Chemist: 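Following this message is one structure expressed as structure tokens.
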Amino acid sequence: MVPLLHAPKRKKIPLMSTFLLVHGAWHSGRCWERVVPLLESAGHRVFAPSLTGYGDKAHLLGPEVGLDTHVADVVNLIHEEDLTEVVLVGHSYAGLVVSSVVNEVPERIAHLVYLDAMVPEHGETAVDVQPMTQNLIDLAAKSDNGWRIPPLPEMPPPLGLFGVTEPADVAWLRATLSDHPVRCLRQPVRLDNPAVDSVPRTHIHCVGAEPEGIVRRPVPAAQPNGSPARIRELPTGHDCMITMPVDLSVLLLESTLR
């Protein structure tokens, strides 16, 4: 037998995973409708629930709904469906949610994705991570319902409604939005489980037009597990799952490769 001079390169093989897509403030699970079939067609299970107070759970919106409520929503779903090897994706405000979720069940999370999201440290609130949210709390306090924050208004292009500018998409998105409870922005994240550090993570940044006052924290050069940081960019506005679902799906599928 002639020995191989060079070992053949190993092809990356996709792992069959479970994607758990967690929407941000004001949104619902419907925002992922263009992404879910793309991930499922690649052979993965996909869950895109609406958190308490949104979508099919909009009737549960109340002043007692907070970050802890939304963390419990996701943790309970993981246990009820006995999910493992989860690719946990948090968009925007849900960066706080998924951080606390992985703190609760790190052994069930295969990969953590911060999608144009708030990236907190232990004990931080949304105001700590994104100080401009204090302005929203202050405005709510002056209203008749001081516990709820209405969706942000549509801005002229290229900002649009959460980065969505196509008129039909704007109309559809607006119809799916709900108010956001102030309590969600005031409750702190729990990230005190050392096992969290072993979970690999990806940061996906939307680098299209960004509203004034939004500050993105720099991503450290190394992940907590010591691996190099994984940072990807999409040239679009904040709601990339609506504006660039194919490109977003490709980046999400990267997290299933070994």
Side-chain angles (χ1 to χ4, degrees), residues 19-42 44 46-59 61 70 73-74 87-98 113-118 126 130 132-133 136 139 148-181 184 202-214 216 232-255:
F19 282 89
L20 180 44
L21 311 176
V22 187
H23 64 81
W26 301 292
H27 291 59
S28 74
R30 294 186 63 192
C31 70
W32 304 102
E33 285 185 0
R34 295 177 179 175
V35 174
V36 170
L38 298 173
L39 299 177
E40 288 180 335
S41 66
H44 304 285
V46 186
F47 291 83
S50 291
L51 301 174
T52 297
Y54 310 98
D56 60 340
K57 300 182 181 70
H59 62 287
L61 185 69
H70 294 156
D73 287 341
V74 180
V87 178
L88 183 61
V89 182
H91 177 240
S92 195
Y93 151 78
L96 307 179
V97 179
V98 299
V113 180
Y114 288 102
L115 177 57
D116 216 36
M118 297 183 184
Q130 194 61 257
M132 65 85 62
T133 57
L136 302 178
L139 287 173
R148 60 197 298 167
I149 303 170
L152 300 180
E154 181 181 356
M155 304 291 287
L159 294 175
L161 183 64
F162 296 102
V164 178
T165 57
E166 184 67 31
D169 289 342
V170 170
W172 176 85
L173 175 60
R174 186 186 294 113
T176 70
L177 301 177
S178 302
D179 290 355
H180 189 60
C184 293
T202 297
H203 299 260
I204 301 176
H205 295 160
C206 296
V207 295
E210 296 181 0
E212 185 177 351
I214 298 296
R216 179 180 290 126
R232 304 291 185 265
E233 295 184 345
L234 288 171
T236 188
H238 187 55
D239 278 5
C240 56
M241 70 288 291
I242 297 172
T243 58
M244 296 188 74
V246 174
D247 302 81
L248 172 59
S249 298
V250 170
L251 295 184
L252 294 179
L253 289 170
E254 282 185 2
S255 62

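Because the structure is a prediction, the values reported are computed rather than measured. The figures here come from the full heavy-atom set of this structure, side chains too, leaving out hydrogens, waters and symmetry mates.
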Chemist: Once you round to the nearest 0.5 Å, how far does CZ of R148 lie from OG of S178?
Modeler: 8.5 Å
Chemist: Can you tell if the side chain of P181 reaches within under 4.5 Å of the side chain of L61, non-hydrogen atoms only?
Modeler: yes
Chemist: What is the distance from atom CD1 of I204 to atom OG of S255, rounded to the nearest 0.5 Å?
Modeler: 8.0 Å
Chemist: Using the salt bridge (Lys or Arg N to Asp or Glu O under 4.0 Å) rule, collect all pairs that involve residues 46-55, keeping only residues at least two apart or in two chains.
Modeler: none
Chemist: Which residues pass the salt bridge (Lys or Arg N to Asp or Glu O under 4.0 Å) test with D73, not counting sequence neighbours?
Modeler: none
Chemist: With sequence neighbours excluded, what pairs up with E233 under the side chain to side chain donor-acceptor pair (under 3.5 Å) test?
Modeler: none
Chemist: Taking the side chain as everything from C-beta on, heavy atoms only, tell me whether M118 gets closer than 4.5 Å to T133.
Modeler: yes
Chemist: Mind listing the side-chain donor-acceptor pairs of residues 241-250 below 3.5 Å, one per line with the distance, residues two or more places apart or on another chain?
Modeler:
{"from": "T243", "atom 1": "OG1", "to": "T236", "atom 2": "OG1", "distance (Å)": "2.7"}
{"from": "T243", "atom 1": "OG1", "to": "D239", "atom 2": "O", "distance (Å)": "3.4"}
{"from": "S249", "atom 1": "OG", "to": "P245", "atom 2": "O", "distance (Å)": "2.7"}

Chemist: What closest approach, in Å, do P150 and W26 show between heavy atoms, and which atom pair accounts for it?
Modeler: O-NE1, 3.2 Å
Chemist: Check for a donor-acceptor pair, side chain of H23 on one end and backbone N or O of S50 on the other, with a separation under 3.5 Å.
Modeler: no
Chemist: State which residues pass salt bridge (Lys or Arg N to Asp or Glu O under 4.0 Å) with E40; sequence neighbours excluded, sorted by chain then number.
Modeler: none
Chemist: Can you tell if the side chain of L139 reaches within under 4.5 Å of the side chain of I149, non-hydrogen atoms only?
Modeler: no
Chemist: For residues 151-164, run the donor-acceptor check on the side chains, cut-off 3.5 Å, and write out each pair with its distance to 0.1 Å, sequence neighbours left out.
Modeler:
{"from": "E154", "atom 1": "OE1", "to": "R174", "atom 2": "NH2", "distance (Å)": "2.6"}

Chemist: Keeping the roles fixed (side chain from W32, backbone from F47), state whether a donor-acceptor pair exists under 3.5 Å.
Modeler: no
Chemist: Which heavy-atom pair separates A25 from H27 by the least distance, and what is that distance?
Modeler: O-ND1, 2.8 Å
Chemist: Compare every heavy atom of V36 with every heavy atom of A48, then report the nearest pair and how far apart it is.
Modeler: CB-CG2, 4.1 Å
Chemist: Does R30 have any side-chain contact (heavy atoms from CB on, under 4.5 Å) partners at least two apart in sequence or in another chain, and if so, which?
Modeler: S28, E33, W172, T176
Chemist: Does R216 have any salt bridge (Lys or Arg N to Asp or Glu O under 4.0 Å) partners at least two apart in sequence or in another chain, and if so, which?
Modeler: D116, E210
Chemist: In residues 91-98, what donor-acceptor pairs under 3.5 Å come from side-chain atoms, sequence neighbours left out?
Modeler:
{"from": "H91", "atom 1": "NE2", "to": "H238", "atom 2": "O", "distance (Å)": "3.0"}
{"from": "S92", "atom 1": "OG", "to": "H238", "atom 2": "NE2", "distance (Å)": "2.9"}
{"from": "Y93", "atom 1": "OH", "to": "H70", "atom 2": "ND1", "distance (Å)": "2.8"}

Chemist: Atom CG in L251, atom SG in C240: separation rounded to 0.5 Å?
Modeler: 8.5 Å
Chemist: Using salt bridge (Lys or Arg N to Asp or Glu O under 4.0 Å) as the criterion, list what pairs up with D169, not counting sequence neighbours.
Modeler: R34
Chemist: Contact between L252 and V35 at the side-chain level, heavy atoms closer than 4.5 Å - yes or no?
Modeler: yes
Chemist: Within this structure, what is the CZ-CG distance for the pair F19 and L88, rounded to the nearest 0.5 Å?
Modeler: 11.0 Å
